[in-house]
Amino acid sequence: MNDNYLNELNEAQRAAVEATEGPVMIVAGAGSGKTRVLTYRIAHLIRKGVDPFNILSLTFTNKAAREMKERIGKIVSKSEARNLWMGTFHSVFARILRNEAERLGYPTNFTIYDTDDSKSLIRTILKEQGLDEKIYKTGMVLGRISAAKNNLIGAQAYLQNPAAQEEDRMSGKPKIGIIYDQYQKRCFKAGAMDFDDLLYNTNILLRDYPDILNKYQDKFRYIMVDEYQDTNFSQYVIVKQLAARFQNICVVGDDAQSIYAFRGANIQNILSFERDYPELKTYKLEQNYRSTKNIVNAANAIISNNRDQLEKNVWTSNAEGDLIQLMKANTDNEEGQIVARSIFDTKMNAQAKNKDFAILYRTNAQSRAMEEALRKMNIPYRIYGGLSFYQRKEVKDMLAYYRLAINPHDEEAFKRVINYPARGIGDTTVDKLIIAARDNDVSLWTVCENIGPFGLQINSGTTQKILDFVAMIQSFNVMLPVQNAYDLGNHIASHCGLLRELYADKTPEGVSRYENVQELLNGLKEFSDGDTTPPIDLVESDPELQRIEVAKQANLLEEAGLSDKPLRTLDQFMQDIALLTDADAKETEEDLNKVSLMTIHAAKGLEFPYVFVVGLEENLFPSALSLNSRTDLEEERRLFYVAVTRAEKRCTLTYASTRYRWGNLTSCEASRFLDEIDPKFIEYANAAARRQYDAFNEPSFEVKKPNPGTTATPAPPKKKNLVRATTAINSAPAPIDNSHLKNLQVGQRVRHERFGDGQVTNLEGPFPNTKATVTFDQAGQKQLLLKFAKLEIL
DNA sequence: GTGTAATGCTATTGG
DNA sequence: AGCATTACAC
């Protein structure tokens with residue numbers, strides 16, 4: 001047992017670790033050792049004699065939970081660490097909901113609908129209601145429903161909520177409440193919960209069943225919430241309820257890193273927290289251990305542009321380090337090339353490994369150019385996020401059969417595979433089934449099981465096909481408790497026809513699909529053999545539940561006449577599949593030394609020695625959709641802050657002047673965020689960036705570090721009135737012909753190629769050396785020399 | 001009912 | 001450009 005853990009902490013960290021009783025808020029700047037504090041805090045609790053069964057720790061990813069548990073295990077003991085309740089909100093409360101599902105009228109084996117399932121269900125409802133999909137966009141409808149649930153507004157309440165109704169009327173979508181209501185009913189009938197339901201229903205459970213609230217309040221005597229800035233109202237209330245009795249609640253977060261407001265996260269939760277617990281103790285972790293001074297200072301400069309923030313002073317005693325590198329490319333492909341090239345060079349010059357590099361981007365679509373460039377230079381890489389394994393079509397098809405075997409009422413799984421592979425039950429038939437299900441208020445499955453009594457207008461041949469399908473699913477269903485996950489999964493794969501269908505396709509894509517299903521079966525095999533951790537590493541909860549579980553399994557084994565080996569079944573495997581993300585995937589040997597590619601969102605909580613943030617262009621980063629409101633723009637800026645603070649040694653920012661979007665070439669201008677970093681933190685690391693800088697920064701055009709390489713290159717022949725003096729590394733760029741500005745007056749509206757439109761507020765000195773002060777609508781006040789400024793009078 | 005061609009839509013971010 | 005849904009021929 002390691003007794004020295006407290007000595008490994010600085011004063012603030014140590015105080016936060018030792019403040020175990022009562023409400024605590026830890027404001028943790030980027031790279032300030034937050035994970036270490038959380039880890040040691042939990043270890044400290046256990047050392048002080050708190051039973052791990054009584055500790056709940058909510059993390060942002062399951063992987064984070066797994067890793068933290070491992071580290072805690074090294075300080076206390078492995079067996080003690082195992083008993084902690086640790087995981088994401090969704091996985092922890094999915095677990096609890098399974099135990100208590102019956103109270104809410106849900107089956108224990110309820111399905112978790114993913115976003116595709118939810119959208120598909122909404123599409124079905126739109127069709128039924130005769131609503132136009134063009135007006136009621138599924139994503140938008142789901143967004144409204146999701147927002148309502150995250151604010152704990154149920155369907156009925158939504159229909160009676162004047163504000164919501166008014167808003168929907170105003171936006172020309174008055175039926176959203178009806179859709180919401182239908183959606184909930186259909187989910188319930190299908191024995192399914194979507195992601196938001198996992199939190200919403202937990203709230204219902206704790207609100208309406210005092211004995212259950214009591215049970216979990218008593219159980220979770222110490223609660224910790226990581227990444228608190230990214231929790232939504234629904235999560236906030238759950239935590240508040242659970243912590244109400246003992247009030248040993250510790251939240252950790254950084255308002256500067258709040259990047260999930262778009263899905264309901266609410267910084268307000270931090271303020272509410274202060275209000276809820278007046279005796280709150282607050283600790284600030286401000287020393288950054290991760291990054292160099294230049295990175296920390298540049299990041300501080302970025303975030304200081306936000307109005308909404310908690311007071312905080314992040315600093316570091318680390319070395320000065322490299323400046324922020326800025327590189328410009330002509331195209332998105334070239335951007336990929338300069339990044340790949342830079343990685344290659346750094347590997348050579350600094351003995352860096354592939355895994356020391358990360359490429360971060362705003363949107364997943366940007367990965368393509370990066371991948372291509374890395375492939376060409378033979379640099380191994382791994383993409384996080386995007387389409388995960390479990391989201392691939394063939395895998396989802398296979399999983400749909402499994403889901404149906406476990407919960408035949410699962411409507412989305414049913415629709416997915418009722419006629420795939422083709423078995424002669426087409427759309428018309430399925431539509432009849434859907435109508436019958438709706439009219440009788442039952443599930444599709446119930447209709448199929450009782451196809452005679454419902455008296456459907458379906459011919460006998462098709463009826464037989466449906467009955468065959470039902471019989472097949474039923475045969476899978478009865479095997480559930482007596483077969484292990486692999487045996488049953490394999491059996492289903494070969495009997496449902498999917499494997500045959502895929503095997504028949506000999507195209508490269510077809511082969512790959514077949515292999516993916518095989519890969520899924522391999523996963524089942526590993527799970528069944530039990531030599532790896534289950535898909536979700538939520539620790540076996542309280543002894544009571546464990547006993548029930550063990551007894552259940554023993555019974556089943558007895559019935560099956562099997563050995564004493566614990567049976568790991570398909571439904572166990574499937575339980576949390578829907579909640580798995582790429583970030584949770586265990587790293588294989590292979591992944592260990594690869595360059596990481598991911599969105600900035602996915603990079604939250606991670607760190608790398610060398611970070612590239614690519615695509616720093618207006619309308620991409622910040623996203624075009626964020627430009628309308630200050631709060632949205634501030635979220636983008638926090639995102640940029642998160643990106644830069646991932647870097648330990650060096651941070652490189654890149655942008656391209658043209659980029660393919662929607663299949664055609666569009667021109668781009670550099671992101672406003674680049675202007676927000678003081679130039680003294682920036683090194684213009686390629687010639688294009690230096691040129692751009694010189695052109696942009698009239699009137700100062702201070703001389704940047706001379707590039708040793710440039711003097712050797714022959715200067716192009718000089719031309720008069722060259723707009724951009726490409727050789728102007730050591731000399732001022734040639735003035736452009738600006739005689740049209742000669743009579744510029746204060747008060748006139750002007751347009752700048754970079755800063756947009758603005759108004760002249762002051763003029764100083766005689767033309768052509770006039771210095772103009774212009775207040776731009778977007779970019780704010782700038783001083784420009786008329787001699788150089790690319791201004792146009794409006 | 002099935003398979004292929006044509007159309008149309010999309011690309012924030014994610015559990 | 002790439003994917004998904006739709007339209008149309010068989």
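Chain naming here is simple, since letters A, B, ... match the order of the sequence lines and numbering starts at 1 in each.
Toward the 5' end of DNA chain B, the nearer of the two residues Arg362(A) and Ala422(A), judged by each one's closest nucleotide, is Ala422(A). If Ser146(A) and Lys137(A) are placed on DNA chain B by their nearest nucleotide, the residue sitting closer to the 5' end is Lys137(A).
For Asp468(A), the side chain to side chain donor-acceptor pair (under 3.5 Å) test picks out Gln464(A), with sequence neighbours left out.
Here the nucleotide nearest the side chain of Ala602(A), chosen from dG14(B), dT10(B), dG15(B), is dG14(B). Of the candidates dT12(B), dG14(B), dC9(B), dC9(B) carries the atom nearest the Lys134(A) side chain, counting heavy atoms from C-beta on. Of the candidate nucleotides dT10(B), dT12(B), dT2(B), dT10(B) has the atom nearest to the side chain of Trp662(A). The listed nucleotides are dG15(B), dT12(B), dG1(B); the one nearest the side chain of Thr88(A) is dG15(B). Nearest to the side chain of Thr429(A), among dT12(B), dG1(B), dT5(C), sits dG1(B). Listed nucleotides dT12(B), dA11(B), dG15(B) differ in distance to His90(A); the shortest reach to its side chain belongs to dG15(B). Here dT12(B) is the nucleotide among dG14(B), dT5(C), dT12(B) with the atom lying nearest to any side-chain atom of Ser623(A). Candidate nucleotides dG14(B), dA11(B), dG2(C) were compared by shortest atom distance to the side chain of Arg263(A), and dG14(B) ranks first.
Under the 4.0 Å criterion applied to side-chain N and carboxylate O atoms, Arg368(A) and Asp332(A) are not assigned as salt-bridge partners. Between Glu227(A) and Lys34(A) there is a salt bridge, since a side-chain N of the basic residue sits under 4.0 Å from a carboxylate O of the acidic one.
One finds no side-chain N or O of Thr115(A) lying less than 4.0 angstrom from the OP1 or OP2 phosphate oxygen of dG15(B). Taking side-chain N and O atoms only, Asn619(A) has no distance below 4.0 Å to OP1 or OP2 of dT12(B).
A distance of 6.0 Å or more separates the ring centres of Tyr384(A) and His601(A). Tyr260(A) and Phe60(A) have their aromatic ring centers within a separation under 6.0 angstrom.
In this structure, Tyr260(A) does not count as stacked on the base of dT13(B) under the 5.5 Å centre distance and 30° plane angle limits.
Asp230(A) places its CG atom 16 Å from the P atom of dT13(B), with the value rounded to the nearest Å. Atom OH of Tyr361(A) is separated from atom P of dA11(B) by 17 Å (rounded to the nearest Å). Following rounding to the nearest Å, Lys119(A) (NZ) and dT10(B) (P) show an atom-to-atom distance of 10 Å. Tyr390(A) places its OH atom 15 Å from the C1' atom of dG15(B), with the value rounded to the nearest Å. Across the protein-nucleic acid pair, Glu133(A) atom CD and dG8(B) atom P stand 15 Å apart, rounded to whole Å. Between the CG atom of Asp431(A) and the P atom of dG1(B) there is a distance of 10 Å, given to the nearest Å. In this structure, OH of Tyr660(A) is placed 10 Å from C1' of dA1(C), rounded to the nearest angstrom. Remark: C1' of dG15(B) and OH of Tyr113(A) are 18 Å apart, rounded to the nearest angstrom.
Ser626(A) comes within 4.0 angstrom of nothing in the nucleic acid, heavy atoms only. Counting any heavy atom pair closer than 4.0 Å across all strands shown, Asn419(A) reaches sugar-phosphate atoms only and no base atom. Lys465(A) comes within 4.0 angstrom of nothing in the nucleic acid, heavy atoms only.
A donor-acceptor pair under 3.5 Å is formed between the side chain of Arg98(A) and the backbone N or O of Thr108(A).
Taking 3.5 Å as the limit, the base of dG15(B) and the side chain of Asp196(A) contain a donor-acceptor pair of atoms between them.
When the P atom is used for both dT13(B) and dA4(C), the distance is 16 Å, rounded to whole Å.
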